[in-house]
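Reviewing the structure listed below.
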Amino acid sequence: MPENPRVLRVVLLGAPNAGKSTLSNQLLGRKVFPVSQKVHTTRCQALGVITEEEAQVILLDTPGLISPVKQKRHHLELSLLEDPWKSMESADLVVVLVDVSDKWTRNQLSPQVLQCLTQFSQVPSILVMNKVDCLKQKSVLLELTAALTEGVVNGKKLKIRQAFRSQAGIHCPSPAAKGPNTQSVGGPQRIGWPHFQEVFMLSALNQEDVKTLKQYLLAQARPGPWEFHSEVLTSQTPEEICANIIREKLLEHLPQEVPYNVQQKTIVWEEGPNGQLVIVQKLLVPKESHVRILIGPKGHLISQIADEVGRDLMNIFLCEVQLRLSVKLLS
């Protein structure tokens, strides 16, 4: 630990599939969190750690906020409901991520995100508008910023001229933040949050955009002891990372509800004779039809999933990985 360590615990909040895991991976510089086009890839809170010079930023990658009704309907784990609230209790900063390419959800913050911000209004927050590269009309960003912030950023009313000049990935620093006005919190018609300290417009896939956000986060770190060694990238165990990457690929390749019903069981996890990591995983499914879907014609699909997972794990663990997947019917 350096002489003057600084630390910041950051919670990433947003609707499912807003790009939280992609942004986390880009901030960390390596793939650690599962990423998929289907929602609810992240099933429990995972810690990512960014350490540069004296500052350490701890990322809490929460599941996308969902309602209890959806949790029941889709038989999702209770952790999907509880985790974001748990992580808020230890947060120094909240990053609210909005997918501006989704025209159905982008015009307002979800009720669950607003509830979270309201309940923890003492925690500073910033708004990150993600996937701006997908927008044909950049002027839409102006309207969205006004709606999502209720026209107020850092206690100051937005000046429209300034907003037109700001570009993707460049945030406009504003004066010192005022504390949230608790009287205005929780109004029945609320669609935005007027207490964001900053607004960032970026594409999580653009390294320059992400670098701007990363530098901002590192600058916000406050004096305090580091929680992790400087070389730690995540608090997930290697086994958890492996299970998550496999689940990501299942979500990517399997239709509808099939991937959500797959149970994973590690049979072998050992070092091979040439220093390679040898992993054997059994995938358990509830229906015979699911077995056929997962194996695919002539076993092509399960082989493709194993190959893709193996490549990802080699990039993460920086060693040769020999992965074998088998599919069995749940007895």
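Residue indices begin at 1 and follow the sequence shown.
Among all heavy-atom pairs drawn from Pro255 and Ile293, the shortest one is CD-CG2, 3.9 Å. When all heavy atoms are compared, the tightest approach of Asn274 to Gln276 is N-OE1, 3.0 Å. Scanning all heavy atoms of the two residues, the minimum distance from Ala221 to Arg6 falls at O-NH1, 3.0 Å. When all heavy atoms of Gly14 and Lys20 are compared, the closest pair comes out as O-NZ, 3.5 Å. Here the closest heavy-atom approach between residue Asp99 and residue Ser101 is recorded as OD1-OG, 2.5 Å. Between Lys103 and Asn107, the shortest heavy-atom contact is O-ND2, 3.6 Å.
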For Trp193 and Val96: C-alpha separation, side-chain torsions, deciding distance, then whether side chain to side chain contact (heavy atoms under 4.5 Å, CB included) applies. CA-CA 10 Å; Trp193 183 246; Val96 175; over 6 Å; no

Residue pair Ile246, Val262: steps toward the side chain to side chain contact (heavy atoms under 4.5 Å, CB included) verdict: CA-CA 10 Å; Ile246 290 172; Val262 178; over 6 Å; no

Pair Leu23, Leu213 - check side chain to side chain contact (heavy atoms under 4.5 Å, CB included), show working. CA-CA 10 Å; Leu23 182 59; Leu213 177 61; 4.0 Å; yes

Quick one, Val132 with Leu141, criterion side chain to side chain contact (heavy atoms under 4.5 Å, CB included). Give me CA distance, side-chain angles, the key distance, then yes/no. CA-CA 8 Å; Val132 295; Leu141 286 171; 3.7 Å; yes

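With contacts defined as side-chain heavy-atom distances shorter than 4.5 Å, the pair Met129/Arg106 does not qualify. Considering only heavy atoms from C-beta on, Leu217 comes within 4.5 Å of Leu27 through its side chain. Counting only heavy atoms from C-beta outward, the side chains of Val94 and Leu117 approach each other to under 4.5 Å. When side chains are defined from C-beta on, Leu294 counts as touching Leu250, because their heavy atoms get closer than 4.5 Å. Residues Tyr216 and Ile126 meet the side-chain proximity criterion, which asks for heavy atoms closer than 4.5 Å.
Side chain to side chain, Gln119 and Gln115 fail the donor-acceptor criterion of an N or O pair below 3.5 Å.
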